[in-house]
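Each remark here refers to the structure printed beneath this line.
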Protein chains: 2
Amino acid sequence: MAATMHDVARVAGVSVKTVSNVINDYPYVRDATRERVRSAIAALDYRPNLSARGLRSGKTGVIGLAIPELRQNYFAELADAVIRAAERRNVAVLVDQTGATREGEIAVLAGHRLRLTDGLLFSPEQLGQDDIALLQVPFPLVLLGERMFDGPTDHVTMHNVGSARAATEHLLEIGRRRIAVIGAHPTHQDDIRSANLRVRGYREALAAAGIPYDPALVRVAAPWHRENGAAAMRDLLAAGVEFDAVFTFNDTLGLGALRTLGQAGVRVPEDVAVIGLDNIDEARFSVPSMSSVDPGRDQIAEVAVDLLIERINEKGDPAPPRQILADFRVAARESTGFVDPEPGIASAVSPSVLAEPAEGS
Amino acid sequence: MAATMHDVARVAGVSVKTVSNVINDYPYVRDATRERVRSAIAALDYRPNLSARGLRSGKTGVIGLAIPELRQNYFAELADAVIRAAERRNVAVLVDQTGATREGEIAVLAGHRLRLTDGLLFSPEQLGQDDIALLQVPFPLVLLGERMFDGPTDHVTMHNVGSARAATEHLLEIGRRRIAVIGAHPTHQDDIRSANLRVRGYREALAAAGIPYDPALVRVAAPWHRENGAAAMRDLLAAGVEFDAVFTFNDTLGLGALRTLGQAGVRVPEDVAVIGLDNIDEARFSVPSMSSVDPGRDQIAEVAVDLLIERINEKGDPAPPRQILADFRVAARESTGFVDPEPGIASAVSPSVLAEPAEGS
DNA sequence: CTGAAAGCGCTAACAC
DNA sequence: GTGTTAGCGCTTTCAG
């Protein structure tokens, strides 16, 4: 049986209150007492029971993270960043996958799964502006991503328009003029899905450079998976439209497009320059390495966790919802004619022949 | 204030016990009563407080998953599989990253972070056979991966020797005879790290085919990151050893090697065939697509979660530790001269031109 | 500075 | 079939 606070108190010869005070770093405890309690804790290998603490204090020290799918690199890296940020603040992270389905996202908000968390970090992919009513939940909620604005919740997101504009400008700067785009959204309601925001950034950059917008260069691809990037690029090549660059709305699409270009014998970046968006680890290692816009994922994770914790600890009237845009920057690599500025991490062990006596077969 | 069981009981005009019975699907409740309780629950939007339940029952319904790093594709896919498997059994997953460090792994076992979980799924990377004493933990523990055997815990792992042997045999079957290997471990203690097991599988296959073992073909790379695969391949090419195939101990190394081969103008698979191990999603999308051995990740996740839940619910004397090896199979793709047998998932939306009226500029 | 005691919301004997 | 009640282990007034 695990030791309880009472056991510790008995061994240390104090009351449970004192043990509690020591554990919670209450300052007014005599040093000698504190020491006695500390060694009793060590002797018994005592660990506080978090269920009990949670029951009493109304907090569990766990936050939920709901994302579409961990197997999408972008979300794995986001989850990584969130977990690290949370760890620094001493909270644990319970990960839930919505499967990128509407039902999954609604289920997460209904809170039927994540009930022993103090709050939720939620990256919606299907729910949109029309669903903001669903965001009226009885627990602290911080949204990641850009699918809804003007909702009742805090909101941390990349700068979609700015990032897309920067990507396009990067292509313009290296002299490209016929810039295709992959990843537009099939419908074109005037909503604010990231696809539309990215189209807007693209068009802003074109407009600023005085280049006419050609809808033939804008290709639909959804969801933003590799195979759809590859297919859209095949489409583009088959259509016979002329283009000297492509901006894909995420890196995964870009890697798919790169694959098609390679197979088709199109040279990158000589014939077609490519830039993605997300700056996932993998972009550094494709052939050729792929330029991308870094949307500030670490910053997003850090800020989102802070905001959520702040909301969890908020007393009294809630502050008005806040919306935060992360900083972004272009990571220029081979696919737009640059030498990779961030070579891979040096090997921990420099590769060499296995130092082992040869043993014939 | 959130509703409690007492509120529900009051509204339904029954006692808390009855409410509890309804919630926990206790069979002997009159239908009419059950219905009354159900509607009271709905009316009050009542949700059980899991901290209280956990405190009372000694279980939280949460398991921990400790892996090195989510940003490594293999582990993201593993975590994905574990979360899905756990969801089916109605338990949530708290994810912890050890950072692939010894301290991180020890901290996880010390349980200072994952205390409100009922048990732990742990994929060690640094701890090894010498550390099995650390596995004597006061909570249910199931190990993933192959770093320790004969420990006191259950253990679910891929079949290292078998997978490596299958990979090598695949290369032999397509007529290759000078098969290099990337990913050996720098030290060669007679331990059972997966690198050594994979070397063993490789040598078994060679031996069975009557091909002598040539240590010059066995290259060290650690950790198994892409950059180290690329570097090891550069090394191999620079060394001037002859080889017509390479088996990399994981896919990430293989993708790195593929990159180097591409840059060096070596044709794959004509000059050098390549096969990896792990069958991560990404292998399907490299240029050329990369053959790999699928180590049965979904099965591993499924079995591990089952085993852990079984342990959590175990009463009386614990059953002896079990060790389970997953099934594996070769996924042959372009890098060994096959047409990809599993084309990418069909696009949800077939790519096409954005149907939008052109607006100049 | 420390102790005594109440009670967080739930489950599970045990009554009826 | 349903109600009563005693804690699970912790935090937190309130005294001293």
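Below, all heavy atoms of this structure are taken into account, side chains as well, without hydrogens, waters or symmetry copies.
An OP1 or OP2 oxygen of D/dT2 is reached within less than 4.0 angstrom by a side-chain nitrogen or oxygen of B/T33. For A/N24, a side-chain nitrogen or oxygen approaches OP1 or OP2 of D/dT11 to under 4.0 Å. Within the 4.0 Å cut-off from OP1 or OP2 of C/dC1, not a single side-chain nitrogen or oxygen of A/R30 is found. The phosphate of D/dG1 (OP1 or OP2) has no side-chain N or O of B/N21 nearer than 4.0 angstrom. Taking 4.0 angstrom as the limit, B/T4 places none of its side-chain polar atoms (N or O) nearer than this to OP1 or OP2 of C/dG9.
In this structure, the CG atom of B/L55 is 9 Å from the P atom of D/dC10, given to the nearest Å. For the pair A/N49 CG and D/dG9 C1', the computed distance is 6 Å after rounding to whole Å. Counting to the nearest Å, the C1' atom of D/dG3 and the CE atom of B/M5 are 12 Å from each other. Counting to the nearest Å, the C1' atom of D/dC10 and the OH atom of A/Y46 are 7 Å from each other. Atom NE2 of B/H6 is separated from atom C1' of C/dT11 by 11 Å (rounded to the nearest Å). B/Y26 has its OH atom 10 Å from the C1' atom of C/dA12, to the nearest Å. For the pair B/K59 NZ and D/dG9 P, the interatomic distance rounds to 15 Å; values are reported in whole Å. At whole-Å resolution of the value, NZ in B/K17 and C1' in C/dA12 are 6 Å apart.
Distance alone, capped at 3.5 Å, places no donor-acceptor pair between the A/Q97 side chain and the A/P68 backbone. A distance-only check finds no donor-acceptor pair linking the side chain of B/E105 to the backbone of B/T98 [under 3.5 Å].
Checked against D/dT12, D/dG1, C/dC10, the side chain of A/S20 finds its nearest nucleotide in D/dT12. In this structure, of C/dC10, C/dG3, D/dT2, it is C/dG3 that holds the atom nearest to the side chain of A/T18. Of all nucleotides listed (D/dG3, C/dG3, D/dC10), D/dC10 comes nearest to the side chain of A/P48. Minimum atom distance to the side chain of B/Y28 is reached by D/dG1, of the listed D/dG1, D/dC8, D/dG9.
Across all strands shown, B/V14 has heavy atoms under 4.0 Å from sugar-phosphate atoms exclusively, and none from any base.
Looking only at side-chain heavy atoms (C-beta outward), A/L120 and A/F139 come within less than 4.5 Å of each other.
Contact check on A/R84 versus B/E69 returns a salt bridge, with a Lys/Arg side-chain nitrogen under 4.0 Å from an Asp/Glu carboxylate oxygen. Salt bridge status for B/R297 with B/E302: absent, with no side-chain N to carboxylate O gap under 4.0 Å.
The base of D/dG7 sits within donor-acceptor range of the side chain of B/R56, with an N or O pair under 3.5 Å.
Position along DNA chain C of the nearest nucleotide to A/V16 versus A/R36 favours A/R36 as the more 5'-ward residue.
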